[in-house]
S.K.: 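Here it is: the structure, laid out below.
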2 protein chains.
Amino acid sequence: MSERDVERSVSQTVRAQLALRDMILSGRLRPGERISELQAVDITGVSRTPVRLALVRLEDEGLLQAIPSGGFMVKAFTERDILDSIELRGTLEGLAARFAAERGVGARSLEPLKECLADLDQLVRQDPISVEAFSAYVTMNARFHALLNELSASAPLIREIDRVSALPFASPSAFVMAQSALPEAHQILLIGQDHHRVVVDAIENREGARAEAVMREHSRLAARNLRLAIRNRTHLDLLPALALLKSPVE
Amino acid sequence: MSERDVERSVSQTVRAQLALRDMILSGRLRPGERISELQAVDITGVSRTPVRLALVRLEDEGLLQAIPSGGFMVKAFTERDILDSIELRGTLEGLAARFAAERGVGARSLEPLKECLADLDQLVRQDPISVEAFSAYVTMNARFHALLNELSASAPLIREIDRVSALPFASPSAFVMAQSALPEAHQILLIGQDHHRVVVDAIENREGARAEAVMREHSRLAARNLRLAIRNRTHLDLLPALALLKSPVE
DNA sequence: TGAGTGCAGTATGTATACAGAAAACGCGGA
DNA sequence: TCCGCGTTTTCTGTATACATACTGCACTCA
């Protein structure tokens with residue numbers, strides 16, 4: 001589908017949602033700033049009805065906050081909020097891994113996960129790793145996590161994981177690109193990939209506690225990446241999510 | 001505020017949301033049933049704009065499901081979904097308790113929780129427990145859980161806990177009333193109250209792992225209640241949430 | 001007889017007009 | 001100069017009209 005087709009086929013609501021999200025994540029709308037419907041109409045070019053729907057959607061996506069007297073403002077996050085959200089995701093993914101392990105998954109449903117694991121191995125093996133490989137890693141990593149979550153076979157859980165991961169700084173791949181600029185980059189990637197390997201092994205052997213613990217620790221890698229990237233102040237431009245911080249680090 | 005004042009002051013959107021939620025939870029709208037906007041307009045008496053907003057809100061509350069081609073249907077849950085949601089809540093509350101324990105809370109902020117604990121003790125001490133006491137327990141229990149979650153001092157976490165607990169069958173007090181009809185009622189209440197005591201103790205002593213484990217187990221009490229109530233088929237009318245089950249037990 | 005097509009009815013998506021409430025602004029007085 | 005109050009403007013909440021997409025049914029043709 002060409003871009004023009006997309007523009008034609010996608011609903012005005014979705015279009016407004018995308019445009020507004022982009023404005024927020026790029027920092028053109030500052031945290032704490034009130035965003036009026038009329039202003040949103042100007043930005044997006046669609047009428048108030050779909051704009052309003054988009055605002056509601058962005059609210060429960062977590063990017064906006066409702067003002068008691070009506071209207072919305074851009075939500076402001078602290079560094080602690082971000083770290084907590086990562087821990088939260090890790091906890092949920094840990095639960096998913098434990099469910100998968102305890103309930104047992106057939107060899108067939110484990111197959112796609114193992115293929116994904118092998119693909120990731122291919123990418124990680126390079127030294128040094130190209131930027132393209134990093135980019136491919138991000139895609140494949142997201143796929144791995146999605147497959148893993150599905151193995152829990154728990155719709156309510158998957159729903160919550162998706163919700164938490166929708167926050168731009170809490171997704172499994174949020175800081176991989178930023179990490180690419182770090183000297184420890186390759187090392188961190190190798191460790192992360194080992195986590196992947198271990199969790200698959202644990203699920204296969206029905207070791208629920210192990211699977212859970214590893215996925216929790218896995219998420220803490222993202223937390224470490226974030227802290228490293230902020231401290232080193234290297235390539236902060238690779239961390240668009242930081243535009244949401246109450247007091248910007250830059 | 002009198003009921004008429006509420007009707008006057010509350011927005012049409014909220015009114016529609018309440019009316020529709022009531023229809024769903026009472027089973028007058030069946031799981032899987034499509035619910036058109038026009039139908040919702042008839043039910044609620046407000047116009048399409050607020051009705052549509054209410055439908056969107058109910059969707060991310062988890063009671064409705066979006067149909068790909070447009071519109072919404074009442075979501076259907078399996079017994080497994082319900083049990084998973086309870087485990088999910090337990091996991092999140094466990095994380096909250098661990099945060100509280102690890103980060104440390106001052107004696108002053110622990111005070112309201114301890115008062116709440118004492119109040120619950122008063123209620124539980126009765127034997128046999130009156131229906132009024134059960135009802136009071138539900139209220140006080142909800143307060144205890146809310147206070148506990150706040151001790152985590154983590155806005156993202158509290159947000160998710162509130163969201164999960166909004167599901168009518170996943171809240172901490174969902175099955176307490178049903179439990180009141182069980183012969184094991186008093187016993188179960190005493191055990192639950194002991195969990196409460198232990199988690200406060202663990203937080204006070206900064207025992208994060210213990211606090212987390214206890215809150216997880218605490219949620220499993222709700223799961224046991226649910227299973228008992230369903231098996232015994234006693235007072236299923238006290239379990240309005242069962243109207244959401246794909247294949248009703250009754 | 002079965003499958004496909006066209007039409008009617010109905011649903012949702014969108015734009016816009018209007019009313020009421022909140023906020024911003026300026027003016028006057030202490 | 002600062003505070004309070006009234007006015008004006010702007011914003012949100014709501015209703016409704018219109019356009020478009022979808023669904024279901026009947027009819028036709030192979």
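Remember, it's a predicted structure, so these values are computed and weren't measured experimentally. Every chain is numbered from 1 and lettered A, B, ... according to where its sequence line falls, protein lines coming before strand lines. What's counted below: heavy atoms across the whole structure, side chains too, no hydrogens, waters or symmetry copies.
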S.K.: Does some side-chain heavy atom of Ile158(B) sit less than 4.5 Å from a side-chain heavy atom of Asp162(B)?
M.R.: yes
S.K.: Under 30°, 30 to 60°, or over 60°: which ring-plane class applies to His145(A) and His218(A), parallel, tilted or perpendicular?
M.R.: parallel
S.K.: Could you state the CE-P distance from Met73(A) to dA23(C), rounded to the nearest angstrom?
M.R.: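 The distance from CE of Met73(A) to P of dA23(C) comes to 14 Å, rounded to the nearest Å.
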S.K.: Passes salt bridge (charged side-chain N to carboxylate O under 4.0 Å, His left out), Asp22(A) versus Arg28(A)? Steps please.
M.R.: CA-CA 9 Å; Asp22(A) 186 55; Arg28(A) 274 169 292 174; 2.8 Å; yes
S.K.: Does the protein touch nucleotides 12-18 of chain D at the base, only the backbone, or not at all? Give it as B, S and - per nucleotide, heavy atoms under 4.0 Å.
M.R.: BBBBBB-
S.K.: Which word best sums up how the rings of Phe77(A) and Phe169(A) line up, parallel for under 30°, tilted for 30 to 60°, or perpendicular for over 60°?
M.R.: perpendicular
S.K.: For Arg30(A), I'd like to know if atom CZ has over 12 heavy atoms of other residues, nucleotides or ligands within 6.0 Å.
M.R.: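 12 or below, so no.
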S.K.: For the pair made of CG in Leu64(B) and P in dT12(C), what is the distance, rounded to whole Å?
M.R.: 12 Å
S.K.: Which whole-number value in Å describes the distance from Leu55(B) CG to dG13(C) P?
M.R.: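 Going from Leu55(B) (CG) to dG13(C) (P), I get 10 Å.
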